[in-house]
2 protein chains.
Amino acid sequence: MSRNDHRPLTLRDVSEASGVSEMTVSRVLRNRGDVSDATRDKVLRAAKALGYVPNKIAGALASQRVNLVAVIIPSLSNMVFPEVMTGISRVLEGTDLQPVVGVTDYLPEKEEKVLYEMLSWRPSGVIIAGLEHSDASRAMMRASGIPVVEIMDADGTPVDAMVGISHRRAGREMAEAILAGGYRRIGFLGTQMPLDHRARKRFEGFTQALAKGGVEMADHEFYSGGSALAKGREMTQAMLTRSPDLDFLYFSNDMIGAGGLLWLLEQGYDIPNCIGLAGFNGVELLQGLPRRLATMDACRAEIGRRAAEIIVARTRGEAAETSVILKPQISYGDTLRRP
Amino acid sequence: MSRNDHRPLTLRDVSEASGVSEMTVSRVLRNRGDVSDATRDKVLRAAKALGYVPNKIAGALASQRVNLVAVIIPSLSNMVFPEVMTGISRVLEGTDLQPVVGVTDYLPEKEEKVLYEMLSWRPSGVIIAGLEHSDASRAMMRASGIPVVEIMDADGTPVDAMVGISHRRAGREMAEAILAGGYRRIGFLGTQMPLDHRARKRFEGFTQALAKGGVEMADHEFYSGGSALAKGREMTQAMLTRSPDLDFLYFSNDMIGAGGLLWLLEQGYDIPNCIGLAGFNGVELLQGLPRRLATMDACRAEIGRRAAEIIVARTRGEAAETSVILKPQISYGDTLRRP
DNA sequence: CTGAAAGCGCTAACAC
DNA sequence: GTGTTAGCGCTTTCAG
C-alpha cells in the first residue's frame, strides 16, 4: 500500500493523489493555461504533501526547451570571472534562464570537451570567454543554432556575437600613458601566455606602442603557477636586481602588481617618482593596498551583463547587438605619474 | 534534399548517413557493447561529418541516469569555494560524473530554490555547503534518494553524510593558542554573521575558550560588504583607536586579517610582541604578504576531495563514510608568539 | 476549464 | 555483432 520503494515521484503520483488528470496537474505546476482555483488548490496541496519535484529531463525532452545558459570560462580562481558571473546572474535572475558554468583551465582541448558536454544538454544559449577556439569548437557553436556570445575580448571575429574590450588597445593605451608620464626604462612582468590570448594581446599592444614612441622594452619576465602575490614580489626583486635602472614596471595583472608594490614599498623605493608601476583588471583587492596601484578596469561586470542581455533578447526572438566593444579607462592611482 | 532547416541532428540522421541502425550508432557513440571495427568506423565518420552532438536530455530520460553532481555553495568570490571546487573536480575527472555549481549567496530561500532546481534535473548526488538548511531543503534532500554530502562544517548532524571541520573547535583552539602566547587583551574582527553559520561557530568557540581561560573579549567589530582587505584596514584602525591597549586581534578571515596586518606594519607596530594577529582559512594570498599571518587551514581542497569520493563510491553502490571530520592545524606564521 | 492521445530522442532488454 | 520493440516522464495538440 505505502510507497516504501525509492522510486522518485512522478506527475502520475500527484495526479492520483489529487484526483486530477496528469495534464491538469502539469498545467498547475507550470502556471500555464486556465485552471479553476479549486483544482489548482487540490493539486498544489497534493504536490506539496508528497514532496514532488518535477522531472526537468522529461519536461525538456517533451517541450524541446531547456532554460539553461552555458557559461564557459577558463578559471574560477581568477577573481575576474566571478565578477563576470555576477553580471550574468544579475540579468538572468529577471528571466527564467539559469547560468551553468563550465571551466576550461585555459586548455583548448578541455574547452572543446566542456562545450560538447554542455551543448549536449541543449541549452538556450552560450556565453564563452575569448575569441580563440579550435575549429571543432567553432563548428559546434555554429551548428548549435543557439545564440553564442564570446566575451572579454574584442580583437577578432566572433562566431555569432561578442562583448568585450580590445586588449591590444588596452596595452597600447597603458604604454602611451606610461610614456606620457616620462618613464623610459620599462619592464614587463606577466604570466606565461601561450594560452592566455588576452594577456598576449595586451603584451603585443604594449610593446608596439612603446616602439612607436621610440622606446624598446628594457626587460621582461614571465611566470606560471603559484601564489600571484608572492610571484609578483619574487619577479620584481629578480628583475630589479638584474636591471636596477628600470623606471617602470607593467604587470599583466593586478595581483602580481600588488606583490611588486608591496616589495618596492618595503625596500623604500620612491613611487611613482623613482619607479612607477601599473597592473590590469581593476580588482577590488587594490583598495586595501597601502598605495592605489595604477590599473585599467576590464569592465568585467558590464561584460557579463551585456552578454546575458544579448542571450535574453535572442531567446525571445528579438534582435540584439552583435558586437559590443567597451572602452576601459586608466586609473592612475598613486603609482603612475600623470602627464 | 539538403538539411537547410535548423533542426538539431538526431541519432537517426547519423543512422541514415552511415547505413547502421540507430541502436548500433548509439552503442558506438557510448562505447557500449561489442561493435565491429568496420561499423564503428563508419558511424564515427558519419557522426563527425555531420557534426552530431548527442542529446543528453533524451539519453538521461531513457537510461534514468544523469551523470551530474550538484554542488551548492554560498559564494564564488570567496577564495574558499573555488578551492573546494578544485578538490571536487580533481576526483570527478577520473569518473564519468560532472560537477554543476549553484550559488546561494548565504540566503536560505535561495538555497531552497537552487536545490529544487538542481534536484529537478535528477543528479547523481549533491554536495552542499553547511549543515544548516530550511526544513523544506532537508526534506527535499532526504526524499531525493541520492547521496547527499554536507561539507565545510562538522558541528551538527547531516541529512546523509558530512565532510568538514569543527568551526567551534577551530575558534577554541585559536583562542587557546593566543592565551598560551601570553596575550590577554583580545579583540575580534569579523563579518556580520547572521547567515554565515561557520563564522558564527568560530566566534562562539573562541569566546568560550577565552572565558574558560578567564579572559573576556576586550572588543569586537563586524562588517559587511566592500573590499575585505580595505575593511580589514579600516576596522583595525577603528578598533585600535577605540581600544589602544589591545595586544591581539583575531580576524574571522584571512583577507581582513591581511588588511589589518598591512595597516599595523605601516603604523610601525611591533608584531608579534606589541600586538599579535591571526586569521582563518589559510589562503594562498598570505604567502605574498610582508609577514606570514597566523592562520588555520580550513582544509578546503581535502574537503572537496573527500566529499566527491563519497559521492563516487555511493554512486557505484559501494558503502562510504558518513562522517569525515578533519583536524585543521594552526600556522603560527610571524604574527602569533609561540608558547 | 479539463482530458486523451501522441510523441520528444534516446537506451534497456531482448531477439536474431 | 546487430536489429527490434517498448518505453523513460513529461508537454503538445486537439477534443470536448
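Hydrogens, waters and symmetry mates are skipped; everything else that's a heavy atom, side chains included, is used. Everything numeric in this text was worked out from a predicted model, so none of it was measured. To find a chain, count down the sequence lines: A is the first, B the second, and so on, and within it residues start at 1.
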B:Ser26 side chain N/O closer than 4.0 Å to the phosphate oxygens (OP1, OP2) of C:dC10?
-> no
Picking from D:dT2, C:dT2, C:dC10, which would you name as closest to the side chain of B:Ala58?
-> C:dC10
Between C:dC1 atom P and A:Lys42 atom NZ, what is the distance in whole Å?
-> 15 Å
From C:dT2, C:dC10, C:dG3, nucleotide with atom closest to B:Ala62 side chain | C:dC10
If every non-hydrogen atom of B:Arg122 is compared with every non-hydrogen atom of B:Val66, which pair is closest and at what distance?
-> O-CB, 3.2 Å
Side chain of A:Met23 only, please: which of D:dG9, C:dT11, D:dT13 is the nearest?
-> D:dT13
Within 6.0 Å of CZ in B:Arg30, more than 12 heavy atoms from elsewhere | yes
Qualifying residue, where the test is side chain to side chain donor-acceptor pair (under 3.5 Å) with A:His133 and the options are A:Glu111, A:Glu112, A:Arg138 | A:Glu111
For C:dG9, take OP1 and OP2 only and decide whether either is under 4.0 Å from a side-chain N or O of B:Arg7.
-> no
Rounded to the Å, how far apart are B:Lys56 NZ and D:dG9 P?
-> 20 Å
Would you tell me if any nitrogen or oxygen in the side chain of A:Ser36 comes within less than 4.0 Å of OP1 or OP2 on C:dT2?
-> yes
Atom-to-atom span, CG of A:Asn31 to P of D:dT11 - whole angstrom | 12 Å
Integer-rounded Å distance: D:dG7 P and B:Glu22 CD = 17 Å
Choose from C:dT2, C:dC8, C:dT11 the nucleotide whose nearest atom is closest to any side-chain atom of A:Thr24.
-> C:dT2
Indicate whether OP1 or OP2 belonging to D:dG3 is found under 4.0 Å from a side-chain N or O atom of B:Ser21.
-> yes
Starting from P on D:dG9, measure out to OH on A:Tyr52 and report it in whole angstrom.
-> 10 Å
Separation of D:dC8 atom C1' from B:Trp121 atom CH2, nearest Å, is 15 Å
Could you check how far CG of B:Asp34 sits from C1' of D:dG3, rounded to whole Å?
-> 15 Å
Checking C:dT11, D:dT2, C:dG3 against the side chain of B:Arg27 (C-beta onward), the nearest is D:dT2
In whole angstroms, how far is the C1' atom of C:dA12 from the CG atom of B:Leu29?
-> 17 Å
Side-chain donor-acceptor pair present, B:Ser134, B:Ser137, cut-off under 3.5 Å = yes
In Å and rounded to the nearest 0.5 Å, what is the CD1 to CZ distance from B:Ile151 to B:Arg306?
-> 13.0 Å
Any A:Arg12 side-chain N or O less than 4.0 Å from OP1/OP2 of D:dG9 = no
Side-chain atoms of A:Val20 come closest, of C:dG3, D:dG9, D:dG3, to C:dG3
Can you tell which of D:dC10, C:dT11, D:dT2 lies closest to the side chain of B:Leu11?
-> C:dT11
Could you state the interatomic distance from CZ (B:Arg305) to CD1 (B:Ile310), rounded to the nearest 0.5 Å?
-> 11.5 Å
The answer to which of B:Gln64 and B:Arg40 contacts DNA chain D further toward the 5' end, by nearest nucleotide, is B:Arg40
